[in-house]
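In this text, all values refer to a predicted model and were calculated from it rather than measured experimentally.
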Amino acid sequence: MDNSASAHARFRYFDLVMAAFVVVLVLSNVIGAAKLSTVAGFTFGAGILFFPLSYVIGDVLTEVYGYARARRVIWAGFAALVFMAVMSFVVVALPPSASWTGQEAYEQVFGQVPRIVLASITAFWAGEFVNSYVMAKMKLWTNGEKLWTRTIGSTVVGQGVDSLLFYPIAFLGVWETSDVVLVMVTNWALKVGWEAVLTPVTYRVVGFLKKREGVEIFDTDTNFSPFASRETRGS
C-alpha cells in the first residue's frame with residue numbers, strides 16, 4: 001500500500017487517465033451538446049451518451065489514485081470547460097470574412113447561451129466533487145470491498161447534484177416547471193443506468209491500474225475541501 005505524495009512521480013498511467021477525463025468532458029460538451037436525437041420515439045441530447053463516461057473515469061481516478069489527485073483532475077476539467085466557453089464566445093463573435101459562408105452554421109453549432117454555459121460548468125464542478133467525495137468515503141466504509149456499491153452509489157449522488165443544478169439553472173422559467181423536473185429525473189436515471197451498465201468495464205480498468213501502479217489508497221486523513229492544495233496523507 002502506497003499513499004505517499006511522492007508516489008505520483010512514478011505513476012505510469014495517471015496522466016493518461018487525466019487526459020482521457022478532460023477529452024471526454026470537453027468533447028461531450030462541444031460535439032454532443034449541440035445535437036438532439038430521437039431513437040425509438042425517445043428524444044435526448046446526444047451528449048448524454050458520452051458525458052457519463054467522465055463520471056466513470058472520475059470513479060477510476062478516486063478509487064485508484066485517491067481523492068486529492070482526483071481533485072486536481074476535476075480542476076483541470078473545470079479549467080478546460082471555462083476555456084472552451086470563452087473560446088467559443090470569442091470565435092463565434094468574430095466578424096466573418098466576406099468570402100466565408102459558414103457563419104450561420106457555425107453559430108448554430110458552437111454558439112452558446114450564457115445561462116446554459118453557466119449551468120453546465122457549475123453543475124459539473126459540484127457534481128464531480130460530490131461524486132469523488134462519496135466514492136472516497138464509501139471506500140473507507142466498505143474497507144475497499146464491493147467496488148460496485150461505491151461506483152453506482154457515488155454516481156447516484158454526484159449525478160443527482162449535477163442534474164439538480166444544471167436543469168433549473170439552464171431552463172427554469174424558460175420551460176414549464178413540470179418539463180424541467182421530467183427531463184431532470186429522466187436524464188439522471190439514464191446517467192445512473194449508464195454507470196451500472198459500465199460497471200464490468202470499471203472493474204477491469206481499476207484492477208489493471210491498481211496492479212500496474214502498485215497502490216491501494218484509502219483517504220483516511222485527507223482534506224476533502226475542493227480548494228485544498230496538498231496531497232492526501234491517507235493510510
Point to revise | ring pair (Phe, Tyr, Trp, His ring centres under 6.0 Å) against F208, all qualifying residues, sequence neighbours excluded | key: Y13
Review point. Looking at residues at least two apart in the chain, or sitting in another chain, which of them share a ring pair (Phe, Tyr, Trp, His ring centres under 6.0 Å) with F224?
Key: Y67, Y133
Backbone N/O of [Y] and side chain of [X]: donor-acceptor pair under 3.5 Å:
X    : Y    : answer
T142 : M138 : yes
S163 : G160 : no
E213 : R12  : yes

Exercise for review: Would you sort out whether F124 and F78 count as a ring pair (Phe, Tyr, Trp, His ring centres under 6.0 Å), showing the intermediate values?
Suggested key: CA-CA 8 Å; F124 158 77; F78 177 81; 7.2 Å; no
Name all residues meeting the side-chain hydrogen bond (donor to acceptor under 3.5 Å, both in side chains) criterion together with [X]; count only those two or more places apart in sequence or in a different chain, and write none if there are none.
X    : value
E176 : none
S154 : D59, N131
S99  : S97
E195 : T155

Review point. Partners of A189 by side-chain contact (heavy atoms from CB on, under 4.5 Å), sequence neighbours excluded?
Key: none
Revision key, fill the gap. The salt bridge (Lys or Arg N to Asp or Glu O under 4.0 Å) partners of K146 (sequence neighbours excluded) come to none
Review point. Under the salt bridge (Lys or Arg N to Asp or Glu O under 4.0 Å) test, which residues partner E63, sequence neighbours left out?
Key: K139, R150, K210
Exercise for review: If a pair satisfies side chain to side chain donor-acceptor pair (under 3.5 Å) and one of its residues is in residues 85-95, list it, with sequence neighbours excluded.
Suggested key: S88-Q112
Check your understanding: When you look at CZ of F83, are more than 12 heavy atoms from neighbouring residues, nucleotides or ligands closer to it than 6.0 Å?
Key -> no
Check your understanding: So does W125 have more than 12 non-hydrogen atoms from other groups sitting under 6.0 Å from CH2?
Key -> yes
Check your understanding: Restricting to pairs with a member in residues 143-180, which pass ring-ring contact (aromatic ring centres under 6.0 Å, His included), not counting sequence neighbours?
Key -> F166-F171, F171-W175
Practice item. On the 0 to 90° scale, with breaks at 30° and 60°, tag the F11-F14 ring pair as parallel, tilted or perpendicular. Key: tilted
Review point. Other than L118, which residues form its hydrophobic cluster under the rule that side-chain heavy atoms must be closer than 4.5 Å?
Key: none
